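Each remark here refers to the structure printed beneath this line.
Quick note on labels: first sequence line is chain A, next is B, and so on, each numbered from 1. Below, each value reflects all heavy atoms present in this structure, side chains not excepted, and no hydrogens, waters or symmetry copies. The model shown is predicted, which means the values in this text are computed figures rather than measured ones.
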2 protein chains.
Amino acid sequence: MARRSMSPTIVDVARRSGVSPATVSRVMNGKFLGDPAVADRVRAAAQELDYRPSTLARSLALGRTSSIGFMVPDLGNPAFQAVLTSLSKAAARDGYRVLVGDSAESPSEEGPLSVELRRRCDALVLCAPRMSESELTALADQFDPLVLINRRSDAVAVPSLSIDYVTGIGLLAAHLYDLGHRTIVYLEGPEDSVSNRHRLRGLEQFQRDHDDVTLQRMPGGAGIDAGLAAAPAIAASDATAVLAYNDLVAIGVLHKLAELGVDVPGRVSVAGFDGIPFAAYTSPALTTASAPHDELGREAWRRMSALLTGADAPGDLLLEPRLEVRASTAARR
Amino acid sequence: MARRSMSPTIVDVARRSGVSPATVSRVMNGKFLGDPAVADRVRAAAQELDYRPSTLARSLALGRTSSIGFMVPDLGNPAFQAVLTSLSKAAARDGYRVLVGDSAESPSEEGPLSVELRRRCDALVLCAPRMSESELTALADQFDPLVLINRRSDAVAVPSLSIDYVTGIGLLAAHLYDLGHRTIVYLEGPEDSVSNRHRLRGLEQFQRDHDDVTLQRMPGGAGIDAGLAAAPAIAASDATAVLAYNDLVAIGVLHKLAELGVDVPGRVSVAGFDGIPFAAYTSPALTTASAPHDELGREAWRRMSALLTGADAPGDLLLEPRLEVRASTAARR
DNA sequence: ATCGGAGAAGAAACCGCTTTCACGCGGCAT
DNA sequence: ATGCCGCGTGAAAGCGGTTTCTTCTCCGAT
């Protein structure tokens with residue numbers, strides 16, 4: 001008996017078909033040009049032994065694993081799940097698999113975890129909105145085939161795919177403005193996250209064009225909890241509209257306001273951001289700026305695929321959110 | 001110059017510190033027992049070269065990748081995302097990463113895709129509610145360290161984690177019964193999925209105990225679309241309550257019924273199954289049987305971890321859903 | 001008849017690490 | 001002094017493939 005009940009190796013197939021391992025390898029990879037009869041013998045032997053080349057060994061020899069890493073700050077967030085889903089599907093079509101990493105919103109772990117994840121695969125799709133530009137720069141070459149999501153970097157030259165938060169938040173603000181709202185709360189996201197900064201920038205821009213508006217910043221967060229926590233302060237304020245950092249936060253706000261007996265959109269309008277599938281089904285249905293997350297995932301793979309095959313990658317992509325007006329916003333009373 | 005700008009290998013470190021690769025390996029793995037000065041030299045050299053052992057090469061030599069596969073029928077489903085999230089977190093704590101696979105609800109692809117996924121890692125957490133028992137049996141040894149989710153198998157002896165759909169659907173039916181409903185529609189899931197069969201079994205049981213109830217089966221599906229599509233038929237029927245296959249379907253039903261002007265829960269009560277986070281925020285908030293998906297993910301990892309370390313795995317686990325009564329169900333008028 | 005060249009297939013090096021096995025050396029018992 | 005044992009370390013054989021390089025054979029051309 002051979003090795004302890006392991007699966008058959010290329011050597012077994014070689015022996016069985018009376019050729020060398022080299023030939024087996026060539027046949028298995030369609031690189032064989034010799035006598036067709038030999039190829040058939042090899043294939044037959046492989047079949048009989050139910051032989052499958054070891055992915056691991058191939059990876060080592062070829063120097064690629066056919067898998068990519070996807071690092072996000074919170075796998076629990078539907079927005080990232082949407083990206084993961086489409087990224088994974090797109091990659092799968094090209095024979096690549098996705099290895100997931102969740103940095104659990106911990107900025108200090110993000111770097112090391114990403115490095116570790118990257119080392120297990122061929123490339124990294126990184127969503128690290130809180131990572132400092134300097135850390136990103138420092139780690140960029142360790143990440144190398146790298147595609148960035150929701151942030152770009154001037155220091156490192158890698159493809160980036162982003163949602164245009166600046167414009168998106170502007171759309172929402174304008175929508176509220178058109179409804180007559182003049183005192184608006186912005187419920188902030190994670191303190192120094194890139195996407196929060198972008199939203200702030202969009203709001204500043206909006207403010208410049210509309211000096212009759214009072215924009216009020218309130219500390220928030222990225223999840224439903226943050227929304228729940230912020231709702232009382234909103235109820236207490238004299239704002240007639242709220243822009244939440246994202247849909248999750250908005251959902252939290254919606255829920256807590258209902259509990260507090262605050263009428264939405266009667267007393268206060270609420271808008272989210274992201275366009276997660278469920279935003280359409282909240283009570284009341286949530287007005288939001290819908291970001292094309294599946295397109296983002298697909299396009300991320302297109303860029304990544306190009307990087308991996310050495311083609312030059314399409315440039316950065318800035319995806320425009322679409323304003324989705326629903327029942328949670330209404331004309332100011 | 002050495003190999004084309006590759007990262008340093010164990011040989012580089014060995015040369016630089018004047019020892020053999022074997023010694024470097026031992027030092028790097030804490031298996032070194034000799035002169036501490038030697039160890040220090042090695043560590044210094046590794047540090048200077050910024051050496052990291054190749055995960056790939058280690059995997060090949062050690063025969064394990066420290067990663068597991070997670071195959072689901074639809075990554076877009078929040079229920080699976082919840083499991084993925086907790087599974088990934090639990091595995092990460094033990095240094096394992098998760099490779100995701102999405103069979104896109106295609107029963108014919110499920111098998112081959114799972115095999116492929118399995119070959120890239122050390123084990124498989126499989127959620128394949130549509131796979132036939134015979135196919136599962138046939139492939140079981142290829143999957144080997146295997147943990148099943150939402151189905152058990154008598155033919156193969158592997159740990160399984162399931163939601164108790166039988167009891168869960170019973171809870172929901174009883175809830176509707178208590179509210180006075182006597183004509184209830186069950187909106188079916190994917191035709192021959194295990195979880196659909198379990199729900200049917202639960203309903204049969206319920207029917208036996210309540211012969212004054214008319215249970216009516218209607219074809220459905222697993223996603224929001226299925227719910228949207230089924231709503232008209234529900235509106236047209238004389239049922240006063242609907243049990244949807246899962247929350248997604250229920251959300252679809254809710255939405256379409258609202259559009260059709262059918263009052264929920266006034267004219268008809270609607271209940272879902274799964275307890276996805278958003279069920280609490282629909283309009284009206286969805287009554288559901290909430291399944292502990294994160295516990296399921298964590299426990300799946302516990303079983304898997306045991307299998308991987310050779311300990312004997314804790315037995316099967318049948319997790320009980322909790323009835324979550326919300327606004328979408330009410331007393332029959 | 002001889003040489004050259006193309007084409008088929010094998011030998012061996014290699015990918016980068018782990019681990020068994022062998023070696024050399026110093027210390028202790030005889 | 002001699003033999004033995006144990007210890008620290010290196011050499012080398014894997015892990016399971018891929019690929020370069022080489023050899024051998026058979027063919028046609030001169």
Can you tell me the distance, in whole Å, between the [atom1] atom of [X] and the [atom2] atom of [N]?
X      : N      : atom1 : atom2 : result
A:R64  : C:dC14 : CZ    : P     : 22 Å
B:I10  : C:dT19 : CD1   : P     : 11 Å
A:L33  : C:dG10 : CG    : P     : 14 Å
A:L49  : D:dG16 : CG    : P     : 14 Å
B:R119 : D:dG17 : CZ    : P     : 8 Å
A:F32  : D:dT18 : CZ    : P     : 15 Å
B:L56  : C:dG16 : CG    : P     : 10 Å
A:L62  : C:dC14 : CG    : P     : 17 Å

Is B:S20 near enough to D:dA11 that one of its side-chain N or O atoms lies under 4.0 angstrom from OP1 or OP2?
->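 So the side chain of B:S20 is outside the cut-off, no N or O lying under 4.0 Å from OP1 or OP2 of D:dA11.
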Are A:S54 and D:dG16 close enough that a side-chain N or O sits under 4.0 Å from OP1 or OP2?
->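 So the side-chain polar atoms of A:S54 never come under 4.0 Å of the phosphate oxygens OP1 or OP2 of D:dG16.
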Which residue, B:K31 or B:L60, contacts DNA chain C at a nucleotide closer to its 5' end, judged by nearest heavy atom?
->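 Between the two, 5'-proximity favours B:L60.
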How does DNA chain D look in dot-bracket form if you count Watson-Crick and G-U pairs under 3.5 Å, write [ ] for pairs that cross, and put | where a base pairs with another strand?
-> ||||||||||||||||||||||||||||||
Could you give me the CA-CA distance, side-chain angles and deciding distance for A:T65 and A:D122, then say whether side-chain hydrogen bond (donor to acceptor under 3.5 Å, both in side chains) is met?
-> CA-CA 6 Å; A:T65 62; A:D122 299 342; 2.8 Å; yes
Answer with base, sugar-phosphate or nothing: what part of the nucleic acid does [X] contact at a heavy-atom distance below 4.0 Å?
X     : value
A:V19 : sugar-phosphate
A:S25 : base
A:V11 : nothing

Crowding at CD, B:E133 (>12 non-hydrogen neighbours, <6.0 Å) =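 More than 12 heavy atoms, drawn from other residues, nucleotides or ligands, come within 6.0 Å of this atom.
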Could you check whether any side-chain N or O of [X] sits under 3.5 Å from a backbone N or O of [Y], counting only pairs where one atom can act as donor and the other as acceptor?
X     : Y     : value
B:S17 : B:V42 : no
A:R97 : A:S88 : no
A:T23 : A:V19 : no

May I ask you to check whether B:S66 and B:R64 show a side-chain donor-acceptor distance below 3.5 Å?
->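 The answer is yes; a qualifying pair exists.
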For B:A57 and for B:A22, locate the closest nucleotide of DNA chain D by heavy-atom distance; then report the residue assigned to the nucleotide nearer the 5' terminus.
->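 Result of the comparison: B:A22.
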From D:dG16, C:dA9, C:dC17, nucleotide with atom closest to B:A61 side chain =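 The listed nucleotide nearest to B:A61's side chain is C:dC17.
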If you check the A:R26 side chain, which of D:dT19, C:dG16, C:dC15 turns out closest?
->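 Closest nucleotide to the A:R26 side chain: D:dT19.
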Apply the side chain to side chain contact (heavy atoms under 4.5 Å, CB included) test between A:L99 and each candidate in A:R118, A:M71, A:R120; give the one that qualifies.
->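 Checked A:R118, A:M71, A:R120 against A:L99; only one passes side chain to side chain contact (heavy atoms under 4.5 Å, CB included): A:R120.
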